[in-house]
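First the proteins, then the strands, lettered A, B, ... as listed; each starts at 1.
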There are 2 protein chains.
Amino acid sequence: MARKTGSDGKKTATDLRAAATALFAKHGFAAVSMRQIAQKVGVQAGALYLYTPNKQALLFDIMQQHLDGLLGAWETEKLPDSATPLAQLQRFVSFHIHYHLDRADEVFIAYMELRNLLPENLATISETRRRYELVLEGILAAGQKTGDFQISDCKLSSYAIIAMLTGMTTWYRDQGRLSLAEIEQVYQGLVYGAVSGAKTKS
Amino acid sequence: MARKTGSDGKKTATDLRAAATALFAKHGFAAVSMRQIAQKVGVQAGALYLYTPNKQALLFDIMQQHLDGLLGAWETEKLPDSATPLAQLQRFVSFHIHYHLDRADEVFIAYMELRNLLPENLATISETRRRYELVLEGILAAGQKTGDFQISDCKLSSYAIIAMLTGMTTWYRDQGRLSLAEIEQVYQGLVYGAVSGAKTKS
DNA sequence: GTCTATAGAAGGATAGAC
DNA sequence: GTCTATCCTTCTATAGAC
C-alpha cells in the first residue's frame, strides 16, 4: 500500500520521539538502529526521515527538549525570590526528585549520551545544563550569604547534591520498600545536613 | 608479513584491554568497533580474537576486573574493625574518591555500560557492585547503632553518598580550580554533615 | 602471533512508486 | 505520508596463509 490507512503525520512525529527516547534509554543511542525505531513507531525506516534529518538530530532534540523543559518547569515551580534560602533549597530538592523520576528515560539519555553528540550539539547542551546547575549554586550562595548554610564551596556542593539526587533514577522503582514521600524525606534530610555543615571531628 | 617483528602475546593482551577501556570510555561500547580497537593496539582486527572470544567478553572482563579490584583494594585500605564508624566513613570517602579518580575510564564503563551486558553477565556484575554498596551501608549502620550518625535509612543513604562521590569523575580535572586535597575536604564535610543529621526546620 | 581476505549480517540514508 | 527497494558502508567474526 502507498499510505497507511488513518495515518497521521502529527501523531507519527510524536510517536517517533517517544519511541526513540524509550529505545535510546534502554539500549543506548549507538546500539539502536533506525529500523528498530521504525518498528516501534509502526512505520518503515525510510519514513522516519520525514520527521528528522538524521539520527543525531533525534538525539539532540530529545536532550534539548528535556533540558529546556527542566529549566522552564523550575521557573514556574520555584518560590519567590523573597523566600528563605532553606525553603528554596527544599523546593529545589523536591522539584528535582519529582521531575527526574517522572522522566527517567530522558534523564538517562541526557546524562549518558553526551559522548554521542556532535561537538556543536554538545556545546549547546552543556550550556543549558550549566544554567540548571547555576540554579542550585545560586540558592547555596544565597544561604551562605545569610549564614543559613555552612558551605565551603558552592559550586562543588551543587555538583555533589545534583549527583546525589539524580542518582535516585538508577535504582528507584514504584512499589519499592519505601514510598516516594518517605524517600524524599530521607534525601531532604541528607541535603539539609550536608549544607548545614556539622563540624568535622577529626 | 606473517608476524610482526618483536611481537609479544602477553603485551598485546594487556594492550588490548587498555585500548578497549580507553575507547569504550570515550565513545561507548556500542559505538566502538573491533577495528578501532585493533588500530589502537597496532594489530589487525582478526588478531584480537586470539585474546578475547568476542566483544562482549571484553566488556565484561573490564567491568569485573574493575569491581574486583575495587573490593580488593578496600580490604587492604579499610581501618580495623575496632575503628570508630566516623573514622571508617572518612576512610571510605577518601578511598572511594581516590580509587575512582585514578580509574576514571573504568568507572565510567562500569556505570554506563551495564545496558550492554548480556543478562548473565549483568547479574554477576550487579552482585559484585552490591557487595561494595554493602561496605558503606555497613559503616552507616554501625554508626547508627553507636549513635554517632543520625541516619533515617542506611541503604538509601549509602546509595546517595556513593552517587555523590562518584559524580566527581564527571567533572574532575587535574589543574582545576581546587586541589584534590581541597576537593576531598569539601566532600568529607558534605558527607559528614549528611550523616550527622541536622534536624529539619520546616 | 599476526596477517590478509572475506563471509554474512546489519547499519544509515535515499529514490521513487503509490 | 508511507512503502518498497536499494546503495553503500561498516560491522563482528572466521579461515587460512605465513
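A side-chain N or O of His96(A) and one of Thr166(A) form a donor-acceptor pair less than 3.5 Å apart. For the 3.5 Å distance criterion, the side chains of Gln64(A) and Thr128(A) qualify, holding a donor opposite an acceptor. Between the side chains of Ser94(B) and Gln188(B), no donor-acceptor pair is found at a separation under 3.5 Å.
The aromatic rings of Phe92(B) and Trp74(B) sit perpendicular to each other, their planes meeting at more than 60°, with 30° as the lower class boundary. In this structure, His66(A) and His100(A) have perpendicular ring planes: the angle between them is above 60°, well past the 30° mark. Aromatic ring orientation, Phe24(B) versus Phe29(B): perpendicular (interplanar angle above 60°, classes split at 30° and 60°).
When the C1' atom of dT2(D) is taken as reference, atom CG of Leu16(A) falls 14 Å away, rounded to whole Å. Atom CG in Leu48(A) sits about 16 Å away from atom P in dA15(C), given to the nearest Å. Look at CG on Leu50(B): it is 16 Å from P on dG16(D), rounded to the nearest Å. Per the geometry, CD belonging to Gln39(B) stands 16 Å off C1' belonging to dC3(C), to the nearest Å. What separates OH of Tyr49(A) from C1' of dG11(C) is a distance of 9 Å, to the nearest Å. A straight line from CD of Gln36(B) to C1' of dT10(D) spans 11 Å, rounded to a whole angstrom.
Defining each end axis of the helix from dG1(C)-dC18(D) to dC18(C)-dG1(D) as the rotation carrying four pairs' C1' atoms onto the next four, with five pairs an end, the two axes are found to diverge by 0° to 10 degrees.
Tyr111(A) carries Arg129(A) over the face of its six-membered ring, with the cationic atom under 6.0 Å from the centre and within 45° of the normal. Figure legend: Arg103(A) and Tyr99(A) shown as a cation-pi pair, the cationic atom lying under 6.0 angstrom from the six-membered ring centre and within 45 degrees of its axis.
The residue among Gly46(B) and Lys10(B) whose nearest nucleotide of DNA chain C is located toward the 5' end is Lys10(B).
The Met34(B) side chain lies nearest to dA13(D) when the options are dT2(C), dA13(D), dT2(D). Comparing dC3(C), dG1(C), dA13(C) by their nearest atom to the side chain of Arg35(A) picks out dA13(C).
Within a heavy-atom distance below 4.0 Å of DNA chain C, the residues of residues 51-61 of chain A found are Asn54(A), Lys55(A).
A close approach under 4.0 Å does occur between a side-chain nitrogen or oxygen of Thr12(A) and OP1 or OP2 of dT2(D). The phosphate of dA10(C) (OP1 or OP2) has no side-chain N or O of Ser33(A) nearer than 4.0 angstrom. The side chain of Gln44(B) places no N or O atom within less than 4.0 Å of a non-bridging phosphate oxygen (OP1 or OP2) of dT2(C).
Glu133(B) and Arg130(B) are joined by a salt bridge, as a carboxylate oxygen and a charged side-chain nitrogen come within less than 4.0 angstrom of each other.
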